[in-house]
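Let me begin by presenting the structure, written as structure tokens, before commenting on it.
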Amino acid sequence: MVINREAILEGILKHKSHFFRFVDVINANETALQFPMTAYLKFYEQVIYQDDDYALKDILSVEALLQANVFVNIDGLTNMVTLSKDIYNILVWLDISRKKQLDSQPFESHRQDVVRLANELTTLPIEGINFKETYAFFYEKLSDIQVDISENMRVLDYRVDEIADMYKSREMGSLETGLDELFHRAQHVYHRNITPCLEFINPSLELKGTKNLSETLKDLEHYFEEIGEVDKARTLQFRVGAIFCYYKDIRAIASRLNAYLVNLAQEREFFLSMERAFGVLLESLVPLRHGRHQNKYLNADSEVFKLATTFDGLEDHKKKYEKRFNYSPSRGLDHFNNYYEMMLRRPLKQKLDNPLRALPSEIDIEEERCEQILSITLYEIAVDNMIENVQRYVWQKLQELLPNAGIIDFLYALEYFLSALDDACVSQRRNDRDRIDDGVYYLDYIIWDYAEASL
């Protein structure tokens, strides 16, 4: 008897809390969708067998789940059951906290598949059945990539929220997890999960002997244009924009986690320094044990403190700022009166009548506009070997290619353009500022220059 799959799915969702535990076992042990068969038999005996719905005894039986491919296989040697990937994906889709963030392997697999399919499309006759099948499978792969990046971004955002909550709990003294463990957890998420995702959709990433995702898709788009398939080229262009528009969001997640990592690294360094100093102190006390010495006291002249430089410069620091903190309370009003009279004598600056407005704190544009700006920035604004005033360069190019572009459009374009530059080659003029405006908003900025390193 074959059980209807819809009934099986309803039974699983009815007892999803127990199936979530099977997912937790799979994630914790990294067993490739396998968990102990004994765990399911125990669940069946204690929960399903006692359920008032008698039909569930057949619907969620091991035999029914094997027939419906909910259970793919039962290993007779290890007594482990393999859960269907489709069922696993449904469960983690329902509870994002149980979904695992992706590492470098899935992204590298996606890249290799796209490179292979793009090469096949450029060699097949465009009117043939093989091209149509490959073309359909190519877009199916792009859809998988977009879903993976989108879902992975949600998981990464959740993981960073977890680390943020743990960090706050530690600040309040209520966290049981140690500083070192929290640091390594944040470091693992940043380097093993966020960095591969950023590199996968980074158009400036250079790979030896092969192409990155951006280069592959760009070459395929140009191929379609050369053979006159303009519609296919534009369709691919918009799909590429939909994939690469996540770069800004994932980079924001990376920046947020990096802020916690910097603080944790500093705290960890202080903690390790104190731990090493305490270890040295304990070693210095070893010779004093067992009555070998008498009347020995720990004071500032002790040998162990001769190499300690933790408080070096504190006395000079105190002398330097002593006057600022030694105001007599009775003279506080005199100081205020002097300051007030000085401010009254200072001439007032004339307020300029400026119709321009500063940018609002929150800005956003439509997704289609975002994809258009992304496509223009990545494919039509050239990255020269040397660019003076990067911001004005992008602003002028954007106005040429998109005549109705405003300051808000420019900020998105600048974000995408900077992702294509090597950070090590970007320099900042600290004392040199500039301004651009679109007639409505203005933007003051510190000028950045770009110069590629000479070999």
Any residue meeting side chain to side chain donor-acceptor pair (under 3.5 Å) with Asn385, in chain and number order, not counting sequence neighbours = none

Across all chains, not counting sequence neighbours, the side chain to side chain donor-acceptor pair (under 3.5 Å) partners of Arg256 are Asp157, Asp161

Under 3.5 Å, is there a donor-acceptor pair linking the side chains of [X] and [Y]?
| X | Y | result |
| --- | --- | --- |
| Tyr167 | Glu267 | yes |
| Ser104 | Arg192 | no |
| Asn389 | Tyr445 | yes |
| Thr216 | Arg111 | no |
| Glu108 | Gln112 | yes |
| Asp95 | Ser97 | yes |
| Asp148 | His110 | yes |

Can Asp449 and Tyr393 be said to form a side chain to side chain donor-acceptor pair (under 3.5 Å), step by step?
-> CA-CA 10 Å; Asp449 295 323; Tyr393 174 79; over 6 Å; no

Over all heavy atoms of both residues, which pair between [X] and [Y] is shortest? Give the atoms and the distance, please.
| X | Y | value |
| --- | --- | --- |
| Gln146 | Ile243 | CB-CG1, 4.2 Å |
| Ser419 | Asn202 | O-OD1, 3.0 Å |
| Tyr416 | Cys370 | OH-SG, 2.8 Å |
| Leu374 | Gly241 | CD2-O, 3.2 Å |
| Arg429 | Asp432 | NH1-OD2, 2.8 Å |
| Leu207 | Asn212 | CD1-CA, 3.8 Å |

In the structure I gave you, are the side-chain heavy atoms of [X] and [Y] within less than 4.5 Å of one another anywhere?
| X | Y | result |
| --- | --- | --- |
| Lys397 | Thr377 | no |
| Phe107 | Cys197 | yes |
| Leu33 | Lys85 | yes |
| Ile373 | Glu415 | no |
| Tyr260 | Phe183 | no |
| Leu213 | Phe200 | yes |
| Ile90 | Leu9 | yes |

Is the backbone of [Y] close enough, under 3.5 Å, to the side chain of [X] for a donor and an acceptor to pair up by distance?
| X | Y | result |
| --- | --- | --- |
| Asn119 | Val115 | yes |
| Gln391 | Ile446 | yes |
| Asp438 | Tyr441 | yes |
| Asn152 | Leu102 | yes |
| Thr195 | Tyr190 | yes |
| Asp103 | Gln105 | yes |
| Thr134 | Phe131 | no |
| Thr235 | Asp231 | yes |

Separation of [Y] [atom2] from [X] [atom1] (nearest 0.5 Å):
| X | Y | atom1 | atom2 | result |
| --- | --- | --- | --- | --- |
| Asn263 | Arg170 | CG | CZ | 10.5 Å |
| Gln372 | Asp409 | CD | CG | 8.5 Å |
| Leu182 | Ile163 | CG | CD1 | 7.0 Å |
| Ser150 | Ile145 | OG | CD1 | 13.5 Å |
| Phe138 | Leu220 | CZ | CG | 5.0 Å |
| Ile59 | Leu65 | CD1 | CG | 10.0 Å |

Using a 3.5 Å cut-off and no angle test, enumerate the donor-acceptor pairs between side-chain atoms of residues 21-29 and protein atoms at least two apart in sequence or in another chain.
| unit_1 | atom_1 | unit_2 | atom_2 | d |
| --- | --- | --- | --- | --- |
| Arg21 | NH1 | His18 | ND1 | 3.4 |
| Asp24 | OD1 | Arg98 | NE | 2.9 |
| Asp24 | OD2 | Arg98 | NE | 3.2 |
| Asp24 | OD2 | Arg98 | NH2 | 3.1 |
| Asn27 | OD1 | Tyr88 | OH | 2.7 |
| Asn27 | ND2 | Arg98 | O | 2.8 |
| Asn29 | ND2 | Val25 | O | 3.2 |

Residues, nucleotides or ligands: over 12 heavy atoms within 6.0 Å of [X] [atom1]:
| X | atom1 | result |
| --- | --- | --- |
| Tyr139 | OH | yes |
| Met342 | CE | yes |
| Lys141 | NZ | yes |
| Glu368 | CD | no |
| Gln428 | CD | yes |

Do Trp395 and Val390 pass the side-chain contact (heavy atoms from CB on, under 4.5 Å) test, and can you show the C-alpha distance, the side-chain angles, and the key distance before you say yes or no?
-> CA-CA 9 Å; Trp395 172 243; Val390 173; over 6 Å; no

Yes or no on salt bridge (charged side-chain N to carboxylate O under 4.0 Å, His left out) for Arg239 and Glu371, after CA distance, side-chain angles and deciding distance?
-> CA-CA 9 Å; Arg239 180 58 67 91; Glu371 293 174 0; over 6 Å; no

The residue among Thr78, Thr82, Asn73 that forms side chain to side chain donor-acceptor pair (under 3.5 Å) with Gln34 is Thr82

Should the pair [X]-[Y] be classified as a salt bridge under the 4.0 Å nitrogen-to-oxygen rule?
| X | Y | result |
| --- | --- | --- |
| Arg185 | Glu162 | yes |
| Glu215 | Lys218 | no |
| Arg433 | Asp444 | no |
| Arg116 | Glu120 | yes |

Is Lys248 close enough and on-axis enough to Tyr412, meaning under 6.0 Å and within 45°, for cation-pi?
-> yes

Within 45° of the axis and under 6.0 Å from the centre of the six-membered ring of Tyr223, does NZ or CZ of Lys232 qualify?
-> no

Can you check side-chain contact (heavy atoms from CB on, under 4.5 Å) on Glu151 and Trp93, steps first, answer last?
-> CA-CA 9 Å; Glu151 287 294 301; Trp93 180 77; 4.1 Å; yes

Audit row: Leu94, Phe20, side-chain contact (heavy atoms from CB on, under 4.5 Å) steps and yes/no | CA-CA 10 Å; Leu94 291 173; Phe20 281 150; 4.2 Å; yes

